[in-house]
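Read the numbers this way: they start at 1 and go in the same order the structure lists the ligands and their atoms.
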Amino acid sequence: METKKTIFSGMQPTGAITLGNYLGALKNWTSLQDEYNCLYCIVDMHAITVRQNPAELRKNARNLLIQYIAAGLDPAQNIIYYQSHVSGHAELAWILNCFTYMGELNRMTQFKDKSSKHSENINAGLYTYPALMAADILLYNTDLVPIGNDQKQHLELTRDIAERFNTIYGETFTIPEGYIGKVGARIMDLQEPTKKMSKSSEDKNATILLTDKPEEILKKFKRAVTDNVATIKYDPENQPGISNLISIYSAITGKSYVEIENEFSGSGYGNFKIKVAESVIEILRPIQQKYDELQKDKSYIDHIIKDNAQKANYQSQKILRKVQKKIGFPSIIR
Ligand code: TYM
């Protein structure tokens with residue numbers, strides 16, 4: 001029997017998922033779940049690299065887990081769990097920190113961005129974040145990591161760390177491949193379409209959240225920044241706003257950019273924006289319904305949290321012990 005390959009990916013529980021998170025990552029996760037053994041993590045340990053309110057972090061983590069399931073991840077088929085419930089992440093991260101160079105961490109664009117945004121709190125965790133992310137991935141001998149474009153640099157570093165370790169100690173880690181969708185891998189901010197859509201945006205009109213009501217979604221798309229070229233054409237250089245709307249529509253409908261350009265040739269921006277908004281409303285409608293239902297089922301969610309943490313813990317021990325042995329940690333005497 002051929003064994004299935006392994007997928008690992010995660011999101012930070014720092015608020016409701018954005019349309020970028022959904023189209024760049026979560027939507028692909030749901031379509032890959034049958035072919036792979038998948039672990040989908042709520043990376044609360046990564047989240048504390050930026051100061052969090054404890055009650056909100058706890059709430060956001062639970063809501064994120066519910067959003068994963070509402071979006072279509074089957075908790076019986078996938079391991080959906082909190083990172084902080086599996087101590088192997090922290091243990092392997094420490095080891096990998098010792099195989100990661102400061103020169104590499106200095107080059108990480110997410111570190112540069114976040115440290116400029118949080119100049120009052122440039123902590124060591126923010127700096128070594130990529131080693132923890134490498135640990136997340138390598139802890140399960142992951143083959144494939146479905147992510148948006150902005151995480152590509154971290155994945156490349158993960159591969160370098162894994163190769164470095166394997167060169168020194170012999171084959172230990174599987175070298176993971178990234179899975180970045182052809183469309184939707186970089187959804188842009190609706191107000192500043194040269195910037196990626198992000199939860200942390202100050203401007204509420206810039207970001208569509210998975211939990212936004214239909215009227216809010218429509219309003220935000222109507223206000224989306226476009227240009228005065230007055231043609232619906234995929235040209236990110238000269239028409240970043242319209243190109244972003246085209247890529248959103250393409251990721252949702254599966255239509256190519258050319259098909260969309262043809263469909264809307266001669267149409268005004270106003271009409272196109274409404275069509276894009278409607279496609280987003282329709283794709284989110286069942287997710288939001290399921291989300292509301294799941295919120296009421298406390299014991300079902302608690303059961304998933306407990307059961308999946310156990311499964312992840314069990315799986316993580318195998319590779320962790322192997323790594324500890326290879327580097328020379330004495331075995332535990334039982
Ligand atoms: P995070 O929480 O910032 O984002 C979660 C996922 O959403 C993708 N994404 C986007 N895709 C398209 N357009 C956008 N505007 C957009 N914004 C975000 C991200 O690329 C990501 O796939 N470091 C990770 C979390 C993480 C992780 C991991 C991921 C921790 N350990 C191991 C994969 C494997 C992060 O901060 O993602």
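When only non-hydrogen protein atoms are considered, atom 10 (C) of ligand 1 lies nearest to Gly20 O, 3.4 Å. The protein heavy-atom contact nearest to atom 37 (O) of ligand 1 is Gln151 NE2, 3.9 Å.
Residues that satisfy the ring-ring contact (aromatic ring centres under 6.0 Å, His included) test with Tyr68, not counting sequence neighbours, are Trp29.
For an aromatic pair to be called close, the ring centres must be under 6.0 Å apart, and Tyr81 with Tyr40 fails this.
Distances from atom 20 (O) of ligand 1 to the heavy atoms of Ile147, Asp150, Leu155, Thr207 show the closest one on Asp150. The heavy atom nearest to atom 30 (C) of ligand 1, considering only Lys199, Met188, Met45, His46, is found in His46. Nearest-heavy-atom check against atom 15 (N) of ligand 1 across Ile187, Thr49, Asn28 picks out Ile187. The option with the heavy atom closest to atom 12 (C) of ligand 1, from among Cys41, Gly148, Ala185, is Ala185.
With 3.5 Å as the limit, one finds a donor-acceptor pair spanning the side chains of Glu259 and Ser256. For the residue pair Gln295 and Tyr291, a side-chain donor N or O sits within less than 3.5 Å of a side-chain acceptor on the partner. A side-chain donor-acceptor contact under 3.5 Å links Asp44 and Ser84. Judged by distance alone, the side chains of Asn205 and Gln191 never bring a donor and an acceptor atom under 3.5 Å apart. Residues Asn106 and Tyr127 have side chains that bring a donor and an acceptor to within less than 3.5 angstrom of each other. Between the side chains of Asp302 and Ser299, no donor-acceptor pair is found at a separation under 3.5 Å.
Looking at Val43 against ligand 1, only its side chain comes within 4.0 Å, counting heavy atoms. Only the backbone of Arg186 comes within 4.0 Å of ligand 1, judged by heavy-atom distances. Residue Ile137 touches ligand 1 through its side chain alone, judged by heavy-atom distances below 4.0 Å. Using a 4.0 Å cut-off between heavy atoms, Asp136 contacts ligand 1 through its side chain alone, with no backbone atom that close. Contacts between Thr18 and ligand 1 below 4.0 angstrom, taking non-hydrogen atoms only, are absent altogether.
Between Met197 and ligand 1, at least one pair of N/O atoms sits closer than 3.5 Å.
Taking a 4.0 Å cut-off on heavy atoms, Gly184 registers as neighbouring ligand 1.
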